[in-house]
Every structure is written in C-alpha cells, then in structure tokens.
Undergrad: 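Sending over a structure as structure tokens; questions will come in a sec.
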Amino acid sequence: MQFYFRNSIVRRICYYSEVDSTQSIALSLAKKKSRDTHGTLILAGLQKNGRGRYDRQWISPSGGIWFSLILKPRMLVEQITLLPLAVAVAVAEAITTKTKLNPKLKWPNDVLIDGKKLSGILLDIDTEGEKVDYVVIGIGINVNVDSSQISSKIVSSDELPITSLKEEMSGSTICRTEFIQLLLEKLNYYFTQLEDKESEGRKIVLSKYKELSDTIGKEVSVKDQDEVFEGTAVDIDYDGSLVVRKSNNYIHRVVSADLFVRRIKINQKM
Ligand code: BTN
C-alpha cells in the first residue's frame, strides 16, 4: 500500500491486518502527552471489536475501510464544534467523486444511500480548558463488502438498514488505497477550513453540510440522554447543533443525541 502525503493531514500510517479496534489503539496513543502522534493514522484490514457511537458494536469485516486518525491541533474548542459535520462532508464527497453515487447525511454524521447506512464516523475529543488536547477521528466505510456480512451480526433493532459501495455499484469493487488517498485530501481541506479563525471557513463547511443533509425538513425523534422528544428538524445551527421545532413551536437545539427519522404514515383518504 503506497500513500503520498501531499495535501494531507496525515504524517504516518500504521497498518494492521487485524485489530480489536483502530479507535482504541489511536486513543491510547493520543492520550500520551507528546505531540509526536499528531497526524498518525491507524488503518486495519479488519476489526474484531469495532466500536460505534453510544458504545454500539461496529461490524468491520475485511474489504471495508476502517481507520482512526489522531490530530493534536492548536485550536480552541469552539473551532471544532463543526468537525463531526466536516468529516461527514469529506466522506460523502469522496464517495461521489469515486463512484458518482449521491450519498446523503443524517445528522450528525451518518452517511446514507437511499436511507441505508454506508459509513459511520466516531469522534473522541479531549480538551484542556478552552483548548483542544486531541481529536481521534474514526471512520468506517462499507466498501467491498456484502451488507449481509454486517447485518447478520447486528443485535440491536434500532439500527438503520446497511449497504456497501459494492452493492450500490452492482457488484463492482473500488481501489481502497486510491479512495483513502482522496478522502485524506478532502479531510485536509475541510479541517483547514475549521482552522480559519474568521468564520468564512466554517460557513463553507456548514453550507456544504446543509446541501447534503437528509435530516432538515424531516419529522424526528430525538433521544437526548434520558429525554425522548419529537419534532421537525428545521435547521443546523452555526455550531453544528440540530434545530428541532416541537409541536408546541418550542425550539430545541440538540448538541449530541441519537436521532431517529420518523416514517410518516400517509393517510390515503384525502
Ligand atoms: C457509528 O456508530 O456510526 C460510528 C462508527 C465508527 C466506526 C469506525 S471504524 C474505525 C474506527 N474504529 C472503531 O472501532 N470505530 C471507528
């Protein structure tokens, strides 16, 4: 596997054919005080114990892209609130460039095709006061895999249906090395936008995200810690939070939550 680090936030790649979780390896490196780990990418052929959001399992058979990237940016916490959205935009754009498919984004950062999940993103962030200490960006993409390899192992009934690039391209496979190379260039571009101290870069990220959003305008159920409520997703705020209007017109800003897009029953009688 040969990578070129031109236009990339990556400085080194550590490849493992099989790991428990790239995120666990990256996290233990990121927690070390040294800044030397900045730009380290942990890439795996397969994961035996991949981790998803809310500590769910993430099934990662061989043929997919499973990696975690450590960043130790000199940034303020307020500069990275859009990072989960920026990463999702980078993944979606890389998919469109390589395959001509048109993925959509379910807030905050699920990448979907026709309502089926193609990719998931997990961010572990640690801060020291107002400053970012480290960020570990975990990305999983079902590339050259059969979705049945994944769905047959999922235990929770809350999960979205699964798909893969191979399935969406009628069985054609894609070169993962080229795909990763392109994705890293996109990540570099969007991360640089967030580094911009003026708000211009953030506006670019937000407007790209809104173009790709599959959540704005939908009826949603939001599970925010112990509370569950329903409403209409009306916008994404400047800090990446989801703006939900409840039936009593009360506006609720959701920073981080499990979101379910409700299927609306259409009444046949007019
Ligand atoms: C989600 O729940 O949607 C996020 C899934 C994130 C999976 C990736 S695969 C690479 C990295 N290693 C892990 O254990 N998880 C993330």
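The first residue of the sequence shown is numbered 1, and numbering continues consecutively from there. Read the numbers this way: they start at 1 and go in the same order the structure lists the ligands and their atoms.
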Undergrad: Tell me which residues fall inside the under-4.0 Å heavy-atom shell around ligand 1.
TA: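 Answer by chain and number: Ser21, Thr22, Gln23, Gln47, Gly50, Arg51, Gly52, Arg53, Trp58, Phe67, Ser68, Asp110, Lys117, Gly120, Ile121, Leu122, Gly138, Ile139, Gly140.
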Undergrad: In terms of relative ring orientation, are Trp66 and Trp58 parallel, tilted or perpendicular, with 30° and 60° separating the classes?
TA: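 Trp66 and Trp58: perpendicular rings.
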Undergrad: Using side-chain contact (heavy atoms from CB on, under 4.5 Å) as the criterion, point out the one residue from Asn144, Leu118, Ile65 that pairs with Leu165.
TA: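 Result: among Asn144, Leu118, Ile65, Leu118 is the only option passing the side-chain contact (heavy atoms from CB on, under 4.5 Å) with Leu165.
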Undergrad: Salt bridge between Asp237 and Arg253, side-chain N to carboxylate O under 4.0 Å?
TA: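 A salt bridge links Asp237 with Arg253.
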Undergrad: Let me know which of Lys33, Arg35, Lys72 forms a salt bridge (charged side-chain N to carboxylate O under 4.0 Å, His left out) with Asp133.
TA: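 Testing each of Lys33, Arg35, Lys72 against Asp133, the sole residue satisfying salt bridge (charged side-chain N to carboxylate O under 4.0 Å, His left out) is Lys33.
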Undergrad: Taking NZ, NE, NH1 and NH2 as the nitrogens, is one of them in Lys210 or Asp235 under 4.0 Å from a carboxylate oxygen of the other?
TA: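 Yes, this pair counts.
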Undergrad: Against the six-membered ring of Phe229, is Lys246 placed for a cation-pi contact (under 6.0 Å from the centre, within 45° of the normal)?
TA: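 Ring-cation test returns yes.
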